[in-house]
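Written below as structure tokens is the structure these notes are about.
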Amino acid sequence: MLAGVLFALAAGLLWGLIFVGPLIVPDYPGALQSAGRYVAFGLIAMPLAWHARHQLRRLRAADWVEALKLSLIGNLIYYACLASAIQRTGAPVSTMIIGTLPVVISVTANLCYGHLEGRLSWRRLTPALLLIALGLLCVNGAELQTLGPALDTKRYLGGILLALFAVACWTWYPLRNARWLRSHPQTKPSTWATAQGVVTLPLALLAWLLVSGQLVWQRPDFALPLGPRPYVFTGLMLMIGLLCSWLGTLCWNAASQRLPTVLLGPLIVFETLFGLLWTFVWQENWPPLLTLSGITCLIVGVIYAMRIKPQPLVKKMKIRRDRKSD
């Protein structure tokens with residue numbers, strides 16, 4: 001349990017960096033940033049794939065199809081929506097919308113996978129979810145107050161919708177990914193992360209070509225293929241590809257193999273917390289009191305959720321049989 005939580009913490013620390021990327025290159029479209037990030041991820045994965053070629057050969061065709069689906073939805077589509085949302089709403093607001101993932105994933109996991117791994121008691125889980133939800137509301141309220149009259153309603157609402165779609169993508173991804181990993185304990189987390197990187201590369205290259213074609217049509221003044229700041233963009237994509245995509249995925253895979261699926265939801269909050277931390281560090285300011293209160297609620301809610309033990313389905317069935325026999 002402790003090792004799983006530490007791996008999830010490390011993944012959140014690394015994934016939090018993705019909320020700063022769109023702020024560093026705001027003149028680059030979110031779709032181009034997503035394609036660039038995962039081209040870098042794929043290129044980084046290729047030499048790692050050669051090193052792990054014997055383990056990768058053990059994967060079946062169905063496993064590669066699963067890696068392809070996970071990469072498309074959980075990588076390319078998710079990050080394209082998130083980067084575009086950050087550019088429209090600002091990093092803190094999008095971070096807090098993504099921060100609803102602990103609640104959404106926990107509820108979804110309890111409903112969809114509880115019969116396989118054991119459910120958490122709704123009575124005991126509800127206080128933790130309410131604390132997390134309260135924390136999210138506090139931080140979101142503080143950020144909306146900061147925007148004030150500078151708010152562009154149409155652009156802001158478009159960003160909200162994109163962020164919500166990103167939430168849907170990343171609700172599906174960790175649950176599906178965790179189920180695969182727990183049903184394939186013989187596969188190393190690093191091998192599965194590398195496999196996802198390998199299948200991501202052709203998808204990312206195709207996405208790059210499509211986005212470039214759109215830019216030629218809509219923004220002919222945009223300097224292709226690497227934009228107006230090629231060195232900054234290339235270095236940023238390589239850094240995010242290595243730290244966030246490969247190493248972050250490796251850490252999350254390791255956590256997914258060690259923890260019940262229903263407990264992974266609350267641990268997603270580490271991504272939100274570190275996303276806020278890196279954003280405030282980049283902006284060089286301190287979070288307001290309301291934001292700090294929200295962060296405190298998030299942390300307390302996660303700690304509370306981690307202390308809840310899943311109730312195995314077998315025990316419930318045994319109790320029911322005993323009651324019938326009585």
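As a basis for the values below, the full set of heavy atoms in this structure was taken, side chains included, without hydrogen atoms, waters or symmetry mates. Counting begins at 1 with the first residue of the sequence.
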> Hey, is CZ on Phe222 packed in by over 12 heavy atoms from elsewhere, all under 6.0 Å?
Replying inline: yes
> Can you tell me if Ser245 uses its side chain to pair, donor with acceptor, with the backbone of Leu242 under 3.5 Å?
Replying inline: no
>> I want to know whether Phe233 and Tyr28 have ring centres closer than 6.0 Å.
In response: yes
>> Minimum heavy-atom separation for Leu215 and Leu224, please, with both atom names.
In response: CD1-CD2, 4.0 Å
> Passes side chain to side chain contact (heavy atoms under 4.5 Å, CB included), Thr194 versus Trp50? Steps please.
Replying inline: CA-CA 10 Å; Thr194 301; Trp50 174 256; over 6 Å; no
> Heavy atoms, side chains only, cut-off 4.5 Å: are Asn253 and Asn177 in contact?
Replying inline: yes
>> Which label fits Trp170 and Tyr173: parallel for a plane angle under 30°, tilted from 30 to 60°, or perpendicular past 60°?
In response: tilted
> Would you call Lys69 and Arg176 a side-chain contact if the rule is heavy atoms closer than 4.5 Å?
Replying inline: yes
> When you measure from the side chain of Ser190 to the backbone N and O of Leu250, does any donor-acceptor pair fall under 3.5 Å?
Replying inline: no
>> Could you measure the distance from the CG atom of Leu201 to the CG atom of Leu43? Nearest 0.5 Å is fine.
In response: 5.5 Å
> Which heavy atom of Ser84 sits nearest a heavy atom of Leu162, and at what distance?
Replying inline: CB-CD1, 3.6 Å
>> Give me the atom names and distance for the closest heavy-atom approach of Ala10 to Cys251.
In response: CB-SG, 3.9 Å
>> Let me check something: do Leu130 and Leu134 share a hydrophobic cluster, defined by ILVMFWY side-chain heavy atoms less than 4.5 Å apart, either directly or through other members?
In response: no
>> When you compare the side chain of Arg219 with that of Pro29, does any pair of heavy atoms fall below 4.5 Å?
In response: yes
> Minimum heavy-atom separation for Ala8 to Ala255, with atom names?
Replying inline: N-CB, 3.8 Å
> Above 12 or not: heavy atoms from other molecules or residues under 6.0 Å from CZ of Arg60?
Replying inline: no
>> Tell me whether Met239 shares a hydrophobic cluster with Phe41, the cluster being built from Ile, Leu, Val, Met, Phe, Trp, Tyr side chains joined at under 4.5 Å.
In response: yes
> What distance do Arg179 atom CZ and Ser256 atom OG have between them, rounded to the nearest 0.5 Å?
Replying inline: 11.5 Å
> Roughly how far, to the nearest 0.5 Å, is CG of Leu9 from CG of Leu14?
Replying inline: 9.5 Å
> Would a distance-only check, ignoring hydrogens and angles, find a side-chain to backbone donor-acceptor pair under 3.5 Å from Arg182 to Leu259?
Replying inline: yes
>> Going by the rule side-chain hydrogen bond (donor to acceptor under 3.5 Å, both in side chains), which residues pair with Arg57 if we only count those two or more places apart in sequence or in a different chain?
In response: His54
> Between CD1 of Ile77 and CG of Leu82, what distance do you get to the nearest 0.5 Å?
Replying inline: 13.5 Å
>> Quick check: do Ile18 and Glu271 have side-chain heavy atoms less than 4.5 Å from each other?
In response: yes
> Under a single-linkage definition using a 4.5 Å side-chain heavy-atom cutoff for Ile, Leu, Val, Met, Phe, Trp and Tyr, are Val5 and Trp15 assigned to the same hydrophobic cluster?
Replying inline: yes
>> Check whether Gln257 reaches the backbone of Thr187 with its side chain - one donor and one acceptor, N or O, closer than 3.5 Å.
In response: yes
> When you check the gap from the basic side-chain N to the acidic O, do Arg229 and Asp27 get nearer than 4.0 Å?
Replying inline: yes
> If only atom types and distance count, is the side chain of Ser34 paired as donor or acceptor with the main-chain N or O of Leu76 below 3.5 Å?
Replying inline: yes
> Can you tell if the side chain of Ile44 reaches within under 4.5 Å of the side chain of Met46, non-hydrogen atoms only?
Replying inline: no
> Which distance, rounded to the nearest 0.5 Å, do you find between the CG of Leu13 and the SG of Cys244?
Replying inline: 9.5 Å
> What distance separates Ile73 CD1 from Leu68 CG, expressed to the nearest 0.5 Å?
Replying inline: 9.5 Å
> For Gly159 and Ala85, which heavy atoms make the closest approach, and how far apart are they?
Replying inline: O-CB, 3.3 Å
> Side-chain contact, heavy-atom cut-off 4.5 Å: Leu203 with Tyr38?
Replying inline: no
> According to a 4.5 Å side-chain heavy-atom criterion applied to Ile, Leu, Val, Met, Phe, Trp and Tyr, with indirect links allowed, do Leu23 and Leu32 form part of one hydrophobic cluster?
Replying inline: yes
> Under the side chain to side chain contact (heavy atoms under 4.5 Å, CB included) criterion, do Gln196 and Trp192 qualify, and how do the steps go?
Replying inline: CA-CA 6 Å; Gln196 291 186 38; Trp192 190 231; 3.1 Å; yes
> For Trp278 and Gly16, which heavy atoms make the closest approach, and how far apart are they?
Replying inline: CD1-C, 3.3 Å
> Hey, does Asp63 have a side-chain heavy atom less than 4.5 Å from the side chain of His184?
Replying inline: yes
> Does the side chain of Leu238 reach to within under 4.5 Å of the side chain of Thr234, using non-hydrogen atoms?
Replying inline: yes
>> Is there a continuous path of hydrophobic side-chain contacts, each under 4.5 Å between heavy atoms, that joins Ile24 to Val281?
In response: yes
